[in-house]
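What follows is a set of notes on a single structure, which appears directly below.
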Amino acid sequence: DSVTIRMSTTSYPTSVTDGDLLVENITAESYSSSNFTAGTTYYFSLFTKDTEGNFSTAATVSVSIGDQPVPPDVDNFGGSRCSLNRDATS
(Lines give C-alpha, C1' and ligand atoms only; values in the text may rest on other atoms or scores of the structure.)
Protein backbone atom coordinates (compact mmCIF):
# COMPACT_ATOMS: atom_id res chain seq x y z
CA ASP A 1 0.00 0.00 0.00
CA SER A 2 1.05 3.60 -0.54
CA VAL A 3 -0.19 7.04 0.48
CA THR A 4 -0.99 10.21 -1.48
CA ILE A 5 -1.32 13.51 0.41
CA ARG A 6 -3.22 16.50 -1.02
CA MET A 7 -3.50 19.97 0.55
CA SER A 8 -5.67 23.08 0.21
CA THR A 9 -6.13 26.39 2.02
CA THR A 10 -9.89 26.54 1.31
CA SER A 11 -11.33 23.07 2.11
CA TYR A 12 -10.41 19.41 2.42
CA PRO A 13 -9.40 17.91 -0.92
CA THR A 14 -12.08 15.38 -1.86
CA SER A 15 -10.11 13.21 -4.30
CA VAL A 16 -6.57 12.32 -5.35
CA THR A 17 -6.77 15.05 -8.02
CA ASP A 18 -8.28 17.82 -5.86
CA GLY A 19 -6.12 20.47 -4.18
CA ASP A 20 -2.34 20.67 -4.34
CA LEU A 21 -0.26 17.51 -4.44
CA LEU A 22 2.25 17.26 -1.59
CA VAL A 23 3.43 13.71 -2.21
CA GLU A 24 2.20 10.57 -3.90
CA ASN A 25 2.88 6.87 -3.66
CA ILE A 26 4.96 7.12 -0.50
CA THR A 27 5.39 4.09 1.72
CA ALA A 28 7.25 5.78 4.59
CA GLU A 29 5.68 5.86 8.04
CA SER A 30 5.80 9.66 8.21
CA TYR A 31 6.06 12.70 5.99
CA SER A 32 7.19 16.25 6.78
CA SER A 33 6.64 19.42 4.83
CA SER A 34 7.66 23.02 5.47
CA ASN A 35 7.32 26.59 4.23
CA PHE A 36 3.80 27.17 5.49
CA THR A 37 2.49 30.72 5.84
CA ALA A 38 1.72 32.14 9.29
CA GLY A 39 -1.95 32.95 9.90
CA THR A 40 -3.15 30.34 7.39
CA THR A 41 -5.21 27.18 7.89
CA TYR A 42 -4.20 24.20 5.76
CA TYR A 43 -6.49 21.26 5.00
CA PHE A 44 -4.86 17.90 4.31
CA SER A 45 -6.38 14.75 2.85
CA LEU A 46 -4.52 11.45 2.93
CA PHE A 47 -5.52 8.68 0.53
CA THR A 48 -4.18 5.14 0.70
CA LYS A 49 -3.86 3.05 -2.45
CA ASP A 50 -4.05 -0.73 -2.33
CA THR A 51 -2.10 -3.13 -4.52
CA GLU A 52 -4.92 -3.13 -7.10
CA GLY A 53 -4.77 0.67 -7.49
CA ASN A 54 -7.95 1.48 -5.54
CA PHE A 55 -7.91 4.64 -3.38
CA SER A 56 -9.48 4.88 0.06
CA THR A 57 -11.83 7.53 1.32
CA ALA A 58 -9.78 10.48 2.57
CA ALA A 59 -8.48 10.74 6.11
CA THR A 60 -8.46 14.45 6.88
CA VAL A 61 -6.71 16.85 9.22
CA SER A 62 -6.44 20.63 9.35
CA VAL A 63 -3.57 22.67 10.74
CA SER A 64 -3.67 26.36 11.62
CA ILE A 65 -0.28 28.03 11.53
CA GLY A 66 -0.08 30.67 14.24
CA ASP A 67 0.96 34.20 13.46
CA GLN A 68 2.79 34.84 16.73
CA PRO A 69 6.60 34.92 16.80
CA VAL A 70 8.44 32.05 18.46
CA PRO A 71 9.81 32.98 21.90
CA PRO A 72 13.62 33.26 21.86
CA ASP A 73 14.04 30.61 24.58
CA VAL A 74 12.28 27.88 22.54
CA ASP A 75 14.73 25.57 20.78
CA ASN A 76 14.06 23.37 17.75
CA PHE A 77 10.65 24.87 17.04
CA GLY A 78 9.43 23.90 13.57
CA GLY A 79 7.22 26.96 13.20
CA SER A 80 6.49 26.46 9.52
CA ARG A 81 6.84 22.68 9.47
CA CYS A 82 4.15 20.02 9.61
CA SER A 83 4.62 16.28 10.12
CA LEU A 84 2.02 13.63 9.36
CA ASN A 85 2.21 10.04 10.58
CA ARG A 86 0.41 7.20 8.82
CA ASP A 87 -0.57 5.52 12.08
CA ALA A 88 -1.87 8.65 13.84
CA THR A 89 -5.21 8.18 15.58
CA SER A 90 -6.12 11.84 16.01
**Request:** For the residue pair N54 and K49, confirm or rule out a side-chain donor-acceptor distance under 3.5 Å.
**Result:** no
**Request:** Could you tell me which non-hydrogen atom of A58 sits nearest to which non-hydrogen atom of S45, and how far apart they are?
**Result:** CB-CB, 3.9 Å
**Nearest heavy-atom neighbours spanning L46 and S56** = O-OG, 4.5 Å
Look up atom [atom1] in [X] and atom [atom2] in [Y], then write down how far apart they are to the nearest 0.5 Å.
X: L22; Y: M7; atom1: CG; atom2: CE; result: 5.0 Å
X: T48; Y: D1; atom1: OG1; atom2: CG; result: 6.0 Å
X: S2; Y: D50; atom1: OG; atom2: CG; result: 9.0 Å
X: R6; Y: L21; atom1: CZ; atom2: CG; result: 4.5 Å

**Message:** Running the 4.5 Å side-chain criterion over Ile, Leu, Val, Met, Phe, Trp and Tyr, what cluster does F55 land in, apart from itself?
**Reply:** V16, F47
**Prompt:** Mind checking what makes side chain to side chain contact (heavy atoms under 4.5 Å, CB included) contact with T40, not counting sequence neighbours?
**Reply:** T9, T37, Y42
**Asked** With T4, which residues qualify under side chain to side chain donor-acceptor pair (under 3.5 Å), at least two apart?
**Response** none
**Request:** Evaluate the side-chain proximity of Y43 to T60: yes if any heavy-atom separation is below 4.5 Å, no if none is.
**Result:** no
**Prompt:** Below 4.5 Å, heavy atoms only, C-beta onward: do Y12 and V61 meet side chain to side chain?
**Reply:** no
